[in-house]
Engineer: 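Quick one: the structure is below, and I'll ask about it shortly.
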Amino acid sequence: MFDLETHIVHMRDTKNTNECFFISAELGVRCADILQGALPLLEQSRQLPAHLSALNGPDGKPFAYIISREMWEMTRYDLKSAERELFYRHGGVPQESLKEFKGFLEHWDYDYEYKAEVTCPVCGKKTADWRTDPLHPFHLSNANDGGLLVFQCRECGTTIRQKHFRDEIVCEHTLPRAH
C-alpha cells in the first residue's frame, strides 16, 4: 500500500459518498503534533468512528492511520509536505526539471554569467556545480524562464530558491519541518 513515493492513499466508497485517507505509520508519527492539534477543532465524525484511527498489524503496532475527510482538509498541506520530505530522506530522486532548466539557460540575458553553485544555509552542504557533482547533493525541483531555480537539499530537506534578476541573485530558503 505504501512505498517510497506514496505515504498517502485516498479511498472512496463507490456505493455512497463516504471517503477517508490512509497515511503510513511513518508519516503519522512525523505529523503527530499536527494531527493531534487538529482533533479538538473537529466535530464528531459521522462517517467514521473517529477522525483519526490506527490500523494495527499482527505485531500490534500501527502500520497506518485512517483520517477523515475533515481532518484531511485541515492537515493536507502539512501531510503532503512531510510526504515529500520522507521521499528525499529515504533517498528518493525524482525527475529533475532539466527541460525547464534548458529553457532557463536559453533565455539567459542577464549582466552576469550563470554560476551553478548551490549552498544550503541550514546544514551547510555546498557544491560548485550541482549539475556535475557526483554526490548530487541538490535536486533541481523547478526552473522557469523568469529566472527562478528551486533546489531541494538532499541532506536536510531544505528548499532553496535562487531568484535571478538583471543585476543580482537573491537566495531564499524554506526550512524543513521539524522531525
Side-chain angles (χ1 to χ4, degrees), residues 1-10 21-37 61-65 67 72 74-179:
M1 177 186 271
F2 303 110
D3 59 26
L4 177 67
E5 291 186 55
T6 308
H7 288 268
I8 302 169
V9 177
H10 179 208
F21 296 80
F22 292 87
I23 62 172
S24 69
E26 184 177 14
L27 182 61
V29 168
R30 186 167 183 82
C31 296
D33 291 343
I34 291 162
L35 295 169
Q36 289 295 328
K61 295 180 182 176
F63 70 89
Y65 294 93
I67 63 172
W72 169 254
M74 292 184 75
T75 62
R76 69 180 169 188
Y77 298 110
D78 291 314
L79 291 172
K80 286 185 176 208
S81 175
E83 180 182 43
R84 195 169 42 256
E85 288 173 25
L86 287 174
F87 176 75
Y88 289 113
R89 189 163 303 270
H90 291 300
V93 181
Q95 293 291 78
E96 290 188 292
S97 301
L98 296 179
K99 180 179 176 186
E100 290 83 359
F101 178 70
K102 184 178 177 187
F104 166 84
L105 289 178
E106 287 174 358
H107 289 91
W108 187 271
D109 65 349
Y110 300 112
D111 297 335
Y112 52 92
E113 299 257 340
Y114 172 71
K115 291 189 173 136
E117 297 171 354
V118 181
T119 301
C120 178
V122 175
C123 70
K125 188 66 93 176
K126 63 171 57 177
T127 183
D129 191 336
W130 65 270
R131 301 166 296 181
T132 59
D133 190 322
L135 298 177
H136 206 64
F138 300 97
H139 165 76
L140 177 67
S141 59
N142 192 8
N144 70 35
D145 298 347
L148 175 67
L149 296 179
V150 181
F151 297 94
Q152 188 85 26
C153 177
R154 295 186 63 201
E155 180 73 24
C156 70
T158 297
T159 300
I160 300 144
R161 289 174 302 285
Q162 294 179 345
K163 297 179 177 182
H164 295 83
F165 295 103
R166 173 83 36 220
D167 56 355
E168 69 176 334
I169 301 171
V170 174
C171 292
E172 299 174 347
H173 69 280
T174 304
L175 296 171
R177 284 185 358 90
H179 313 298

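Here the structure is a predicted model, which is why all the values come from computation and not from measurement.
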Engineer: Do any N or O atoms from the side chain of Q162 and from the backbone of E117 form a donor-acceptor pair under 3.5 angstrom?
Structural biologist: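 At least one qualifying donor-acceptor pair exists.
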Engineer: Less than 6.0 angstrom separating the ring centers of W130 and F138, yes or no?
Structural biologist: no
Engineer: Hey, what do you get for OG1 (T119) to NE2 (H173), rounding to the nearest 0.5 Å?
Structural biologist: 12.5 Å
Engineer: Please state whether the rings of Y112 and Y110 are parallel, tilted or perpendicular, taking 30° and 60° as the class boundaries.
Structural biologist: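 If you compare the ring of Y112 with that of Y110, the planes turn out parallel.
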Engineer: Within this structure, what is the CD1-CZ distance for the pair I169 and R161, rounded to the nearest 0.5 Å?
Structural biologist: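 So the gap between those two atoms works out to 15.0 Å.
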Engineer: How long is the straight-line distance from CG of L86 back to CD of E26, given to the nearest 0.5 Å?
Structural biologist: 4.5 Å
Engineer: Return the CD1 to CG distance between I67 and L27, rounded to the nearest 0.5 Å.
Structural biologist: 8.5 Å
Engineer: Is the count of non-hydrogen atoms from other residues, nucleotides or ligands lying under 6.0 Å from N144 atom CG greater than 12?
Structural biologist: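 Enclosed.
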Engineer: Over all heavy atoms of both residues, which pair between F151 and S141 is shortest? Give the atoms and the distance, please.
Structural biologist: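 So the minimum-distance heavy-atom pair works out to N-OG, 4.3 Å.
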Engineer: Looking at V9 and T6, what are the two nearest heavy atoms and their distance?
Structural biologist: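 What the structure gives for the nearest pair is CG2-CG2, 4.2 Å.
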Engineer: The test is side-chain contact (heavy atoms from CB on, under 4.5 Å); show your working for L149 and V118 and say whether it passes.
Structural biologist: CA-CA 10 Å; L149 296 179; V118 181; over 6 Å; no
Engineer: Quick one: which of P137, C120, P121 gives a side-chain contact (heavy atoms from CB on, under 4.5 Å) with C153?
Structural biologist: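 Testing each of P137, C120, P121 against C153, the sole residue satisfying side-chain contact (heavy atoms from CB on, under 4.5 Å) is C120.
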Engineer: Go through the steps to decide whether R166 and D109 satisfy the test side-chain contact (heavy atoms from CB on, under 4.5 Å), and finish with yes or no.
Structural biologist: CA-CA 8 Å; R166 173 83 36 220; D109 65 349; 3.6 Å; yes
Engineer: Does E83 reach the main-chain N or O of I8 with its side chain, forming a donor-acceptor pair under 3.5 Å?
Structural biologist: yes
Engineer: State the CH2-NE2 distance between W108 and H164, to the nearest 0.5 angstrom.
Structural biologist: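 Spacing of CH2 (W108) from NE2 (H164) equals 4.5 Å.
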Engineer: Check whether any side-chain heavy atom of F104 lies under 4.5 Å from a side-chain heavy atom of L140, and answer yes or no.
Structural biologist: no
Engineer: Going from CG on L175 to OG1 on T158, what distance comes out if it is rounded to the nearest 0.5 angstrom?
Structural biologist: 6.0 Å
Engineer: Please determine whether side-chain contact (heavy atoms from CB on, under 4.5 Å) holds for the pair F101 and R131, giving the CA-CA distance in whole Å, both sets of side-chain angles, and the decisive distance to 0.1 Å.
Structural biologist: CA-CA 11 Å; F101 178 70; R131 301 166 296 181; 3.8 Å; yes
